[in-house]
There are 2 protein chains.
Amino acid sequence: MSTDSAGRILDAVLTLLSRHGIGGVSMRAVAREAGVALGLVNYHFTDKTGLIAAALRRIEEQDIALVEPDPDLPAAERLRLALRRVADPEFLTTEYLSLRLQLWSLAQAAEEFERINTEAQSRYRSGLARLIRAARPDLSRYECAKRAADIDVVQNGLWLTSLLGLDRAALRRAVKLCEDIALA
Amino acid sequence: MSTDSAGRILDAVLTLLSRHGIGGVSMRAVAREAGVALGLVNYHFTDKTGLIAAALRRIEEQDIALVEPDPDLPAAERLRLALRRVADPEFLTTEYLSLRLQLWSLAQAAEEFERINTEAQSRYRSGLARLIRAARPDLSRYECAKRAADIDVVQNGLWLTSLLGLDRAALRRAVKLCEDIALA
DNA sequence: CCCGGTATTGAACGCTCGTTCAAACAGCTC
DNA sequence: GAGCTGTTTGAACGAGCGTTCAATACCGGG
């Protein structure tokens with residue numbers, strides 16, 4: 001939770017996005033949720049598109065942090081940690097998953113949103129490839145990128161499917177599948 | 001493409017949903033896209049929620065048909081066909097993929113949408129399990145359901161990731177992964 | 001104490017939204 | 001052709017939307 005008004009407004013956007021989808025995000029609803037006056041939203045952010053883009057960038061930063069864990073750990077441990085963290089109860093809440101889904105689906109609404117999305121996706125994937133390479137220096141850079149792409153597919157499926165209802169056992173099997181791909 | 005006005009209206013909803021997301025679907029935009037007057041939309045469908053729910057049901061039927069292929073083929077062939085069809089160029093167009101994404105993200109907007117989604121998902125998964133069981137009668141019913149769940153994860157990831165940009169080789173590897181899971 | 005700029009407020013604007021409805025139109029039977 | 005039933009039209013309504021803006025509150029430095 002943020003304390004400055006701009007931060008509270010961004011938090012409000014993400015909360016509403018997750019709760020009701022883009023249809024629930026109006027300038028008035030955002031102001032109400034953030035506990036500020038309507039005019040303040042347009043004071044901090046030029047327009048609605050800029051507001052949503054700022055909220056999008058804020059959440060994407062958290063994603064990148066997923067594949068940049070504690071550098072003091074041994075490489076293999078860092079990789080395993082990163083692969084398991086996507087299935088953490090912390091990230092598999094309905095709020096967070098539906099927020100992710102809403103962010104993805106925003107891409108169709110404006111070109112800027114799509115650019116932010118694909119950029120974050122490729123940053124995430126190359127971060128993952130770097131982790132694999134550190135844990136498995138015997139593999140070529142190309143092979144690591146390939147495996148990162150395959151893991152990305154399974155992880156995206158894991159997120160999406162668990163939003164639609166996925167049992168715990170299937171979830172564990174998916175995480176195991178990712179580890180197998182990374183370390184095969 | 002439909003010829004009756006109600007069908008043309010549903011087509012218009014799906015077109016607009018895929019093109020601009022839910023934000024692009026207004027009663028007026030739907031009427032314009034379908035080439036009918038505004039009032040006719042509310043004549044065929046009680047309100048906007050009912051309209052979108054009807055469009056949702058229409059597209060889900062196509063999905064179920066994916067796992068119910070030609071019953072004359074041998075079981076193993078039917079399974080392989082179903083697994084490959086999700087990666088067909090016919091289904092991997094941006095229009096269709098972004099439509100799928102929009103449908104998923106609609107679940108947050110109304111309880112009815114969410115119910116339609118999860119219901120279709122479980123119908124699809126059990127259809128897939130039935131195909132696996134027919135191809136591999138030696139497996140237990142439970143094992144087939146497990147494999148269907150695993151394949152569902154990878155397929156969902158395949159769809160979602162290819163919307164964000166996935167190379168052809170990674171796509172082929174994902175399809176192969178599904179076949180390996182089914183026939184292992 | 002007052003001044004400067006930054007932060008914040010809420011009323012007001014024009015616009016689009018979803019819904020309603022009386023009217024017109026089409027196809028049909030008698 | 002009159003009458004009936006089911007379609008189709010577009011104007012109208014009130015509500016909510018994003019944006020603008022003059023007015024107010026806050027606050028550190030002169």
Side-chain angles (χ1 to χ4, degrees), chain A residues 1-58 102-103 105-113 116, chain B residues 1-58 102-103 105-113 116:
Chain A
M1 255 305 184
S2 312
T3 56
D4 62 316
S5 64
R8 282 208 320 278
I9 290 171
L10 290 182
D11 287 339
V13 172
L14 296 177
T15 300
L16 291 171
L17 207 47
S18 156
R19 202 182 295 158
H20 299 119
I22 184 65
V25 182
S26 71
M27 302 299 266
R28 273 163 246 265
V30 167
R32 203 178 315 123
E33 179 75 24
V36 300
L38 170 62
L40 193 59
V41 183
N42 279 77
Y43 172 76
H44 284 301
F45 306 92
T46 55
D47 58 7
K48 193 179 177 179
T49 304
L51 168 66
I52 292 180
L56 234 147
R57 278 195 210 90
R58 160 178 276 229
Q102 297 300 331
L103 295 181
S105 74
L106 274 178
Q108 258 67 45
E111 203 203 331
E112 183 176 8
F113 302 159
I116 297 176
Chain B
M1 255 304 185
S2 311
T3 56
D4 62 317
S5 64
R8 282 209 318 278
I9 289 171
L10 288 183
D11 287 340
V13 172
L14 296 177
T15 301
L16 291 171
L17 207 46
S18 156
R19 202 182 293 156
H20 299 120
I22 184 64
V25 182
S26 70
M27 303 299 265
R28 273 163 246 265
V30 168
R32 204 178 315 123
E33 178 75 24
V36 300
L38 171 61
L40 193 59
V41 183
N42 280 87
Y43 173 77
H44 283 301
F45 306 92
T46 55
D47 57 8
K48 192 179 179 181
T49 303
L51 168 65
I52 291 180
L56 234 147
R57 278 196 210 88
R58 159 178 277 228
Q102 297 299 332
L103 295 181
S105 75
L106 273 178
Q108 258 66 47
E111 204 203 332
E112 183 176 8
F113 302 158
I116 297 176

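Chain A is the first sequence line, chain B the second, and so forth, proteins listed ahead of strands; every chain is numbered from 1. Because the structure is predicted, anything quoted here is derived from the model rather than measured.
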Taking only the side-chain heavy atoms of A/His44 (C-beta and beyond), determine which of C/dG18, C/dT9, C/dT8 contains the nearest atom.
C/dT8
List the atom of A/Glu33, the atom of A/Ala12, and the distance in Å for their closest heavy-atom pair.
CG-CB, 3.6 Å
Can you see which heavy atom on B/Ala31 is nearest to which on B/Val41, and at what distance?
CB-CG2, 4.0 Å
Of the listed C/dA7, C/dG18, D/dT8, the closest approach to the A/Leu40 side chain comes from C/dA7
Interatomic distance, B/His20 NE2 vs C/dC17 P [rounded to whole Å]
13 Å
For A/Ser5 and C/dT8, is the shortest distance between a side-chain N/O and OP1 or OP2 below 4.0 Å?
yes
Taking OP1 and OP2 of C/dC17, is either one under 4.0 Å from a side-chain nitrogen or oxygen of B/Ser26?
yes
Is there side-chain contact between A/Asp11 and A/Arg58, with at least one heavy-atom pair below 4.5 Å?
yes
Nucleotide D/dT9, atom C1' - distance to CZ of B/Arg32 in whole Å:
16 Å
Can you tell me which nucleotide in C/dT8, D/dT7, C/dC17 comes closest to the side chain of B/Lys48?
C/dC17
With a 4.5 Å limit on heavy-atom distance, are the side chains of A/Thr46 and A/Leu51 in contact?
no
When only distance counts, do a donor and an acceptor, one from the side chain of B/Arg28 and one from the base of C/dG18, lie under 3.5 Å apart?
yes
Nucleotide D/dG6, atom P - distance to CG of B/Asn42 in whole Å
19 Å
Please tell me which of the listed nucleotides, C/dT9, D/dT9, C/dT20, lies nearest to the side chain of B/Val36?
D/dT9
Do B/Gln102 side-chain atoms and A/Ser105 backbone N/O form a donor-acceptor pair below 3.5 Å?
yes
Listing for DNA chain D: consecutive Watson-Crick or G-U pair runs of at least 3, distance cutoff 3.5 Å, ranges ordered by first number, gives C:5-30 with D:1-26
Report yes if at least one side-chain N or O of B/Tyr43 is closer than 4.0 Å to OP1 or OP2 of D/dT7; otherwise report no.
yes
Below 4.5 Å, heavy atoms only, C-beta onward: do A/Ile52 and A/Phe45 meet side chain to side chain?
no
Side chain of B/Leu38 only, heavy atoms from C-beta on: which candidate in D/dT20, D/dA11, C/dT9 is closest?
D/dA11
To the nearest Å, give me how far apart CE (B/Met27) and P (C/dT19) are.
5 Å
Are A/Ile116 and A/Leu106 close enough that some pair of their side-chain heavy atoms sits under 4.5 Å apart?
no
